[in-house]
Undergrad: 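Take this structure, written in structure tokens, and hold onto it; I'll ask about it next.
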Number of protein chains: 2
Amino acid sequence: MTKFHKIPDVVIKRLPVYLRYLQQLVERDIETISSQQMGEDLNLNPAQIRKDLSIFGDFGVKGMGYRVIELSEKLTGILGLDKEIPIALVGMGNLGVALCQYNRYQSANTRIVALFDGHPSKIGEKFGSLEVKSMEELPAVVKEKKIKMGIITVPAQAAQNVADQLINSGIKVILNFAPALIQGPMDVKVQNSDVTTELQALAYYL
Amino acid sequence: MTKFHKIPDVVIKRLPVYLRYLQQLVERDIETISSQQMGEDLNLNPAQIRKDLSIFGDFGVKGMGYRVIELSEKLTGILGLDKEIPIALVGMGNLGVALCQYNRYQSANTRIVALFDGHPSKIGEKFGSLEVKSMEELPAVVKEKKIKMGIITVPAQAAQNVADQLINSGIKVILNFAPALIQGPMDVKVQNSDVTTELQALAYYL
DNA sequence: TAGATTGTTAATCGATTAACAATC
DNA sequence: TAGATTGTTAATCGATTAACAATC
């Protein structure tokens, strides 16, 4: 177990899918699950599922499959979701507000705990228990709340600048919704998630 | 040119990135661009860019690179973005509303033209010039407005059912924001884009 | 012509899948 | 024990990258 190959991003992206599936099984009081059945339900190859899981440990029982609760706990641990993950969100436009509201209900231990905006008119506005802060306050708040993850929902032109500020404040992981390519140092993980680009790619399939 | 290999999804996803980059060059009055320079700016391998583009035609000029305007027009055509693409959005919660507002400004020929919600309280509400319709009206509206693309922003439990209704109405491409795996027939393209899952995967990198 | 850069082939890299010995 | 299913190796598939002849 626990080889020291760098684990491919594509594997990491599947882990939350497995986790969500397992949590559904828990609710249905199902105690064990085979890679075969998982594969059918998730439209994945069973060998791939076994291989993914075996990177992190021998979680299965031969002849029986995986214990649902145990595996779901393992995955939670691997992803680091066993403790709350505080997030800073920058950009309180429509999308920012929506994500903020959404997160108050949904959230599975990833929690938006600070809101920022560059526009004076937005500062001081309240969403639930959170008040929108100015960008000047970013470094202090990030430090105080030990925030390591940031979400960017500002216009494209402002995105890189905001990213730089987040990175300078010590943020290590960024989820960027602005339609702009963001550059960062190698030790910072940037994930782009841009609706416009996605829609344009999908247009191809029509 | 135009081989009859099925073009990989991963190539299609890069096309809008190229397109956006080229549009920025147009604005800066740059007339030609080499794959070398593109690669540097987009953090991609130049050979990959050339290979991607050559699937669709010989767009470049040897010794000179690509004509920016010409290439951007070609890509627009390939993606089918030269005509407006009407979209139906189902689920007027926070996220649905945000996407709807966002699309009114941003949009690059992908345009939300119909809104739906399963909740009676939402029906009749207006967003810009669009009024939220009931799910019963979906088939008729999709047909009338020749809609082929749908966006799902309903809660997870409702997602598959909504997808089925979209597909039955003739929708061919679905962008799903609900944290649920959606199944559809082979001739329907489903793209999942789930913030919760993305955040959970990113948590791993902390 | 000389320099630059394409389009494409071949080499490499990495991810998926099949197959099966190990074992519960 | 017999049946089921894992973990893992080897085979396959597919995508990325290097290299270079063709040519503007």
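Each chain gets a letter, A, B and so on, in the order the sequences are listed, and its residues count up from 1.
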Undergrad: Identify the nucleotide, in any strand shown, that forms a Watson-Crick or G-U wobble pair with C:dG3, with both distances under 3.5 Å; if there is none, say none.
TA: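 Answer to the pairing question: D:dC24, which forms a Watson-Crick or G-U pair with C:dG3.
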Undergrad: Students often get this wrong, so: under 4.0 angstrom with heavy atoms, is A:P8 touching a base, only sugar-phosphate, or nothing?
TA: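 Answer is sugar-phosphate: A:P8 comes under 4.0 Å of backbone atoms only.
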Undergrad: Which of these nucleotides, C:dA18, D:dT8, C:dA22, is closest to any side-chain atom of A:D58?
TA: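 Shortest atom-to-atom distance from the side chain points to D:dT8.
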Undergrad: Just the rounded figure in Å: distance from P of D:dT17 to CD1 of B:I49.
TA: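 Spelled out: CD1 on B:I49 to P on D:dT17 is 10 Å.
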Undergrad: Can you tell me the Watson-Crick or wobble partner of C:dC13, both distances under 3.5 angstrom?
TA: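 C:dC13 is paired, partner D:dG14.
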Undergrad: If the cut-off is 4.0 Å, is A:Y66 near the phosphate of C:dC24, judged by side-chain N/O to OP1 or OP2?
TA: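 No, no such contact exists.
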Undergrad: If you assign A:Q48 and A:V61 each to the DNA chain C nucleotide with the nearest heavy atom, which residue ends up on the more 5' nucleotide?
TA: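 That would be A:Q48.
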Undergrad: Could you give the CG-to-C1' distance, from B:D52 to D:dG14, as a whole number of Å?
TA: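 After rounding, the reported distance stands at 14 Å.
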Undergrad: Please tell me which of B:G60 and A:K51 maps to the more 5' nucleotide of DNA chain C, matching each residue to the nucleotide holding its nearest heavy atom.
TA: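 Between the two, 5'-proximity favours B:G60.
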Undergrad: With a 4.0 Å cutoff (strictly under), does any side-chain N or O of B:S35 reach OP1 or OP2 of C:dT5?
TA: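 For C:dT5, neither OP1 nor OP2 has a side-chain N or O of B:S35 closer than 4.0 Å.
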Undergrad: In whole Å, I'd like the distance from the CD1 atom of B:I55 to the C1' atom of D:dG14.
TA: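 So the CD1-C1' distance, B:I55 to D:dG14, works out to 12 Å.
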Undergrad: Which nucleotide in the list D:dT5, C:dT5, D:dA19 gets nearest to the side chain of B:A47?
TA: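 When the side chain of B:A47 is considered, D:dA19 is the closest of D:dT5, C:dT5, D:dA19.
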Undergrad: Taking side chain as C-beta onward, heavy atoms only, is B:P185 less than 4.5 Å from B:I167?
TA: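 The answer is yes, as the side chains (C-beta and beyond) meet within the 4.5 Å cut-off.
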Undergrad: Among C:dT6, C:dT16, D:dA15, find the nucleotide with the atom closest to the side chain of A:V10.
TA: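 Out of C:dT6, C:dT16, D:dA15, the nucleotide with an atom closest to A:V10's side chain is C:dT16.
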Undergrad: Between D:dT12 atom P and A:N45 atom CG, what is the distance in whole Å?
TA: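 So the two atoms are 15 Å apart, to the nearest Å.
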Undergrad: List the steps and the verdict of side chain to side chain contact (heavy atoms under 4.5 Å, CB included) for A:K74 and A:Y66.
TA: CA-CA 11 Å; A:K74 292 285 186 190; A:Y66 299 87; over 6 Å; no
Undergrad: Between A:D9 and A:K189, does a salt bridge (Lys or Arg N to Asp or Glu O under 4.0 Å) hold up when you go through it step by step?
TA: CA-CA 11 Å; A:D9 283 1; A:K189 174 86 185 164; 2.7 Å; yes
Undergrad: Taking only side-chain N and O atoms of A:R50, does any of them lie within less than 4.0 angstrom of OP1 or OP2 on C:dA19?
TA: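 The answer is no; no side-chain N or O of A:R50 sits under 4.0 Å from OP1 or OP2.
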Undergrad: Could you verify whether a donor N or O on one side chain and an acceptor N or O on the other, from A:S193 and B:E198, lie under 3.5 Å apart?
TA: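 B:E198 and A:S193 do have a side-chain donor-acceptor pair below 3.5 Å.
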Undergrad: Roughly how far, to the nearest 0.5 Å, is the OG1 atom of A:T197 from the CG atom of A:L202?
TA: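 The CG atom of A:L202 sits 11.0 Å away from the OG1 atom of A:T197.
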Undergrad: What integer distance in Å separates A:R67:CZ from C:dC24:P?
TA: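 Spelled out: CZ on A:R67 to P on C:dC24 is 12 Å.
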Undergrad: How close or far is atom P of D:dG7 from atom CZ of A:F56, stated in whole angstroms?
TA: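 Going from CZ in A:F56 over to P in D:dG7 covers 13 Å.
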Undergrad: Measure the distance from NZ on B:K6 to P on D:dG14 and round it to the nearest whole Å.
TA: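 After rounding, the gap between these two atoms is 11 Å.
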Undergrad: Can you tell me how far P of C:dA21 sits from NZ of A:K62, to the nearest Å?
TA: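 Between P of C:dA21 and NZ of A:K62: 14 Å.
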